[in-house]
Amino acid sequence: MSRCQQVVRPLVRSLRQGPSSTAIYQSPSIAIRSLSSTASRKDEGSTTQQQGADATTGGEELPSALLSAELGSRRRRAALATTGEVPFEQLPYQCFQEARKVLNQDRQEKLAKIVAETEKIKRLEAADASTMRGGEPFKQKRLRSLRAHVEELKILADINDPLVKRRFEDGMGDMSKPIYRYLANRRWRAMDYKIMTQRITQFNIIPDILPKFDPTMDVKMSFRGCQTQPGSLLSSRITEVPPTLRMQVFDRGERLLSVVVMDADVPDLDTDSFTRRCHFLAANIPWDPTKNLLSLRQVGSPQIGGDLAVPWLPPFAQKGSPYHRLTVFVMEQTPGEGPIDVAKLKEIYDGPGREKFGLKSFRDKFGLGPVGFNMFRSEWDEHTAAVMERHGIPGADIEFKRQRIVTLKTPRAAKGWEAKRQKPKYRGLWKYSKRIA
Amino acid sequence: MHLIQLRRPLQRAAASSCRPLATSLTDRFAQLSIANANANANANPNAEGRRYASVKSQGAYKLKPKNPIPKKLGAKKTGDQFVQPGNILYKQRGTIWHPGENAIIGRDHTIHAAATGYVKYYRDPQRHPKRQYIGVVFNKDDKLPYPVGAPRKRKFGFVAVPRRTDESVEPTLGPSGIPLSVTRHEEVETPVAETEAPTAATSETKPTSGAPVAAVTEAQTRASILPTKSLSPGNAILATLIKEKVQSRQDYEARMAALKAEKEAEMQARRGTRVLRLQDDYSYRESNWEIGRLVNDVGSVAGTEKTGSRKQKMRSRRRSNEYVKKAIKIRKYEKAARREQYQKFVAAKRELRTNARAEIAAKEKENIKAKLASQAAEKKVEA
C-alpha cells in the first residue's frame with residue numbers, strides 16, 4: 001500500500017461513516033467548528049444567520065446496516081478496523097486540519113461578502129430610481145446583477161466543502177439548497193444533457209415538433225421499473241403501461257408542470273404524409289427541486305396532484321410503417337397564471353382530439369414553455385396486435401407496403417439480331433430466333 | 001549509330017579511291033573532302049534510311065486527343081423537371097453540385113433523386129456558404145431551401161393492404177375432397193407389458209436379455225439352491241458383499257437392456273412411418289426424396305456427396321479423427337473416474353470388513369478367555 005493510500009484510508013473510512021458513529025464520539029479536546037453550515041440552512045437567503053450550526057444535522061444518512069464494519073471492500077474493512085470512530089472533521093492530521101482552516105477562512109470571506117451584497121441590495125431597493133442616471137431600468141438591471149452575484153457567492157461558499165461533496169455523491173443532497181442544485185445541474189450537463197440534445201437533433205425533434213428547444217431539466221424515463229435509454233426501441237408490451245418519470249429541476253421554487261407524450265410519426269394515408277397523435281396529457285402537476293419521481297399512472301392522485309386530461313394510450317406502430325418517435329415533453333406553465341383549465345384541455349385533446357395534436361399550438365394556447373424531454377421509439381412487433389386488441393385500437397388488420405413506382409420510360413421496341421428475325425421473312429431461322437433461352 | 005553513319009561516306013570514299021584512276025588528282029581530292037561526302041548523303045536519302053522522332057516536339061504532350069470517348073457529364077434534369085427515385089440529376093467529376101433535399105450522391109459523385117418530385121437547383125447559405133445544391137421537392141411551387149425551423153416535409157410512401165397473418169393453414173384435403181397425404185405407421189409391439197410381469201413376481205428373477213445376465217441369474221439360483229450352511233461371521237460378510245455386487249450388476253444390465261429396447265423400438269417406429277402423398281394420377285405414393293432416405297443416412301442422398309478438394313478432404317478427415325479422439329478421451333476419463341469410485345467403494349467395504357473381523361476376533365478371544373476361566377473355575381471346584 002502506497003504512502004498516499006495509507007494517509008487517505010482513514011479519510012475514506014470517515015467519509016463512509018454514518019452520523020450515528022459521529023454522534024457517539026464527542027471528543028472535547030478537538031473542538032473544531034464544522035466547516036459546513038449549509039446543512040442546517042433551510043432558508044436559502046439566510047446563509048449568514050446560522051453559522052454555528054452543526055454540519056451533521058442536515059440530510060438523511062445511509063442506513064446503519066450499510067455502514068457496518070463487516071461490509072465493503074477488504075480495504076474498507078481494514079480501514080475501519082485500524083482507525084477508531086473518529087468523525088471526519090476531527091481526524092488528527094495536521095495538514096488536513098490546516099487545509100480545513102484555509103477553507104474555513106475562505107468560506108468566512110464569502111459569507112462576509114454575501115452580507116455586504118445583501119445590504120447593498122437592500123440599500124438599492126430603498127433608493128429612489130429618479131435620482132439615478134439610468135432611471136428605473138438601470139436600477140432593475142443593477143438589482144438583477146447583484147442578486148445573481150449573491151447566488152454565485154452562495155455556491156462559492158459551499159463548493160469546497162468535502163461534506164457537501166460527500167452528501168451530494170451519496171445522493172443525500174438537499175435540493176432545496178443552491179449548492180446541491182448547482183452540483184446536480186453540473187453533473188447532468190456533463191453527460192445526460194449532451195446525450196439528450198444529440199437525440200433531439202438526430203431524431204429531428206427540433207424541426208419536426210418544435211422549431212427551437214433546449215432542455216433545462218433532467219427527465220429520465222422508466223417503464224415497468226426499468227430505465228430506458230433516450231431513443232431506444234421498446235417493445236409494445238413494455239410500453240402498454242405509462243412510464244415513470246424521474247424529473248429534476250435545477251432552479252428554485254414551486255412551479256406547475258404539464259406532461260405531454262406524443263407520437264410524431266402517425267401515418268396519414270389521405271395526404272400520404274405523417275401527422276401527430278397525443279398519447280398522454282397531464283397538467284398542473286406541482287413540482288419543485290426536492291421532488292424527484294412522477295408516475296404518470298398516478299397523476300391526479302392526492303399525493304402527486306395534477307390533473308389528467310388525456311389518459312395513456314399505448315403506443316403502437318402498424319405493421320410495415322417506419323418506426324414511430326414517441327416523445328415525452330415536460331412543459332413549465334407560466335408562473336403567475338395559476339392552473340390550466342382541465343375541462344378545456346379535455347374538450348380539445350381527449351377522444352378524437354388526440355389526432356393531429358400540435359405541440360406548438362398547445363404551447364401557444366396555454367402559455368407553456370418546454371423544459372424537459374425524453375423519447376423512445378416503437379415499431380410493430382409480435383405483441384402489438386394483442387396490445388391494440390386489448391385497448392380497442394383499430395387498425396391492427398392492415399399492413400403497409402411500399403408504394404410501387406411505375407417507371408416513366410416508355411416501352412421500347414426490341415432491338416437486335418433476334419428481334420429482327422422474328423418476322424415471317426426469316427421463317428427459316430425461327431428455330432434459332434424463337435423461344436431461345 | 002552515329003559512328004556508323006559517319007563511317008559510311010568514308011567507306012565510300014575509300015572504295016572510290018581504290019578504283020582505277022580515271023580523273024585528275026584534284027578531282028579525287030575533291031571527292032575525298034567531307035563537305036562533298038555530306039552533299040552526296042543529302043542527295044540520296046532513300047539509300048541512307050529515315051530518322052523518326054522518338055521524342056515529341058515541344059508542347060505536343062499538352063495537346064488533348066482529337067476524338068476522345070465522351071464522358072457525357074453535366075445536368076441530366078433541368079429545374080422543375082419531374083423525377084422519380086433513382087433518376088440521375090447530374091453527372092460530374094467531383095462535387096460541383098452537392099445533394100440537397102431528397103437527393104443522394106453516388107460513388108462517382110453523381111446526384112440522384114431520392115423521392116418523387118420536382119428538381120430544384122439552389123444555394124443554402126445556412127448550411128454552407130459556398131456550396132450549390134440540387135434537391136427534389138414534392139410540390140412544384142415549393143422553394144428550396146425550406147425555412148429554418150419548419151417541420152420537415154415527408155412523404156409516407158406506403159399503401160395499406162390487409163395484414164397477412166403468419167398462421168397459414170395448410171390444406172389437408174384436396175379439391176376433390178380426398179386427403180392430400182396418408183401417414184402409415186408400422187405396427188410396433190410395445191414391450192412394456194412384457195417387462196412389468198416378472199418384476200412383480202420376484203426381485204431375484206428379473207427379465208433378462210443377453211447371455212451374461214442369464215449366467216448371473218443361473219449362478220444366483222445355484223447359490224440359492226446350495227445348502228444353506230451356517231457360515232462363519234467373516235464369510236457371511238463376504239457372502240453379503242458378493243450378493244450385493246451381483247444384484248447391482250443385474251439391476252444395471254436390466255436397465256441398459258430396457259433402454260436399448262426402447263431406443264430400438266423408437267427407431268423401428270421412425271423407420272416404419274411412411275407418408276404417402278396424393279399424386280396427380282390419384283395414387284398415393286412416397287416422395288422420391290423420402291424413398292432415398294430409406295437407403296442411406298437421414299439427410300443424405302446416395303451419390304450426391306460433394307467431392308471437395310483434397311485439402312478439404314484431409315481437413316474433414318482430421319476433424320472427424322479429432323472428434324473421435326476426443327470422444328475416446330472423454331470415455332477414458334469417465335472410465336477412470338468410475339474405476340476410482342469403485343476402488344474407493346471397495347476400500348471402504350474392505351475397511352468395514354476388517355473392522356468387523358477384528359471385532360469378531362476380539363469377541364472370540366474373549367469367549368475363549370471366558371471359557372478358559374470357567375474351565376479353570378470348574379477345575380478349582382473339582383479340586
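Quick note on labels: first sequence line is chain A, next is B, and so on, each numbered from 1.
- If you tally non-hydrogen atom pairs under 4.5 Å between each of A:Lys212, A:Gln318, A:Arg325 and chain B, the highest count goes to A:Arg325.
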### Task
Step by step, work out the side chain to side chain contact (heavy atoms under 4.5 Å, CB included) result for A:Arg402 and B:Val159.
CA-CA 6 Å; A:Arg402 278 225 172 266; B:Val159 287; over 6 Å; no
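- By the 6.0 Å contact criterion, NZ on A:Lys344 is open, its count of non-hydrogen atoms from other residues, nucleotides or ligands being 12 or less.
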### Query
Can you check side chain to side chain contact (heavy atoms under 4.5 Å, CB included) on A:Ile398 and B:Arg163, steps first, answer last?
CA-CA 4 Å; A:Ile398 62 162; B:Arg163 183 164 69 89; 5.7 Å; no
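- For A:Asn185, the side chain to side chain contact (heavy atoms under 4.5 Å, CB included) test picks out A:Trp188, A:Arg189, A:Phe250, with sequence neighbours left out.
- Contact tally against chain A (heavy-atom pairs below 4.5 Å) for B:Gly149, B:Gly86, B:Pro151: the top residue is B:Pro151.
- Interatomic distance, CZ of B:Phe156 versus OG of A:Ser321, reported as 5.5 Å (0.5 Å rounding).
- Residues satisfying the side-chain hydrogen bond (donor to acceptor under 3.5 Å, both in side chains) criterion with B:Lys155, sequence neighbours excluded, are absent altogether.
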#### Entry: Intermediate values then yes/no, side chain to side chain contact (heavy atoms under 4.5 Å, CB included), B:Arg154 and A:Asp265
CA-CA 10 Å; B:Arg154 298 185 287 157; A:Asp265 300 301; 2.9 Å; yes
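- The number of heavy-atom neighbours closer than 6.0 Å to CZ of A:Arg255, taken from other residues, nucleotides and ligands shown, is above 12.
- Note that OG1 of B:Thr165 is 10.0 Å distant from CD of A:Glu399, once rounded to the nearest 0.5 Å.
- A donor-acceptor contact shorter than 3.5 Å links the side chain of A:Asp272 to the backbone of B:Gly157.
- Atom CD of B:Gln132 sits in a crowded spot, with more than 12 heavy atoms from other residues, nucleotides or ligands closer than 6.0 Å.
- Both the backbone and the side chain of B:Ala160 have a heavy atom closer than 4.5 Å to some heavy atom of chain A.
- In this structure, B:Arg319 places its CZ atom where only 12 or fewer heavy-atom neighbours from other residues, nucleotides or ligands lie under 6.0 Å away.
- From A:Thr407, atom OG1 reaches atom CD of B:Gln84 across 6.0 Å, with rounding to the nearest 0.5 Å.
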